[in-house]
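The next block holds one structure in the form of structure tokens; read it before the comments.
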Amino acid sequence: MAEIARQRWSAERYAETAHFVPALGAPVLEMLAPSPGEHILDLGCGDGVLTEKIVATGATVIAVDAGPDMVAAARARGIDARVMDGQKLTFSGEFDAVFSNAALHWMRDQQAVLAGVHRALRPGGRFVAEMGGHNNTAAIIVALSAVLARRGLGAHRLNPWYFPSAEAYRKKLEQAHFTVEEIAIIPRPTTLPTGIEAWLDTFAEDFLGPLPQPDRSRARAEVADLLRPVLMDETGTWIADYVRLRFRATRAE
Ligand code: BEZ
């Protein structure tokens with residue numbers, strides 16, 4: 001059954017603590033190479049910052065996201081954005097390309113995602129995306145696991161993220177009838193402009209949300225304490241252990 005993470009998205013909080021996500025999207029946008037007049041689906045558009053860049057190339061873009069607040073923010077930019085679960089796409093043969101940045105790793109049912117993307121593309125259309133790859137935020141996940149284990153909770157059960165290796169995801173794409181033209185793992189240490197605790201509030205709600213306050217704040221501080229020696233540099237800047245999986249594939253049939 002298609003399942004969606006419990007994470008709730010606030011466009012205001014996202015703009016404050018996660019603006020680096022679309023800002024670092026230039027390489028995947030370059031791989032998309034949109035042309036004027038193309039019909040493009042942006043899957044998991046967030047607040048539409050990157051979508052706007054695709055629109056600016058002259059492409060016609062429809063954007064979808066599961067978060068109503070994010071869709072409202074994208075619409076406020078004039079984007080044709082719709083609330084839609086990426087695991088239940090309803091399009092059929094209408095796009096030259098499907099694009100996605102930093103969204104696929106939130107979707108548990110990848111088979112459903114890939115079937116929906118395949119259906120949405122015209123034959124020969126391209127699927128260009130970047131997501132978290134194998135070992136993404138590994139230190140953060142280990143720290144969360146340790147802090148939850150102190151409370152008798154298993155992080156594995158709460159983890160909403162899917163960070164595949166290039167080999168594993170290539171197989172999934174091929175099984176879903178895509179031809180993979182390029183797929184690579186790219187380590188990308190990422191500065192967290194508002195620090196690790198704000199990052200945890202924005203992205204790790206599935207892990208810490210089940211804890212009652214005030215223990216939730218205490219647990220968040222414990223995670224930060226564990227991570228400080230490995231993710232904070234000598235100037236006091238938090239740099240997270242991000243790893244990207246970036247690929248371009250085409251609909252084979
Ligand atoms: C990412 O974009 O890599 C990411 C997003 C949320 C949680 C962890 C990683």
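Order of listing sets the numbers, starting from 1, for every ligand and every atom in it. Heavy atoms only: backbone and side chains are in, while hydrogens, waters and symmetry mates are out. Counting begins at 1 with the first residue of the sequence.
With respect to atom 2 (O) of ligand 1, the closest heavy atom belonging to the protein is H105 CE1, 3.2 Å. For atom 1 (C) of ligand 1, the nearest non-hydrogen atom of the protein is R244 NH2, 3.2 Å.
Between the side chains of D241 and T137, no donor-acceptor pair of N or O atoms lies under 3.5 Å.
When W106, Y242, W199 are checked for heavy-atom proximity to atom 8 (C) of ligand 1, W199 turns out nearest.
For the pair N136 and ligand 1, the shortest N or O to N or O distance falls below 3.5 Å.
Cluster partners of L32, by chain and number: V28, L29, M31, I40, L50, I54, V55, V61, F99, V128. The rule joins Ile, Leu, Val, Met, Phe, Trp and Tyr whenever side-chain heavy atoms lie under 4.5 Å apart.
Evaluation of the side-chain contact (heavy atoms from CB on, under 4.5 Å) rule for A81 yields A63, V71, A74, R75, I79 as partners, not counting sequence neighbours.
Within 6.0 Å of CD in E181 there are more than 12 heavy atoms belonging to other residues, nucleotides or ligands.
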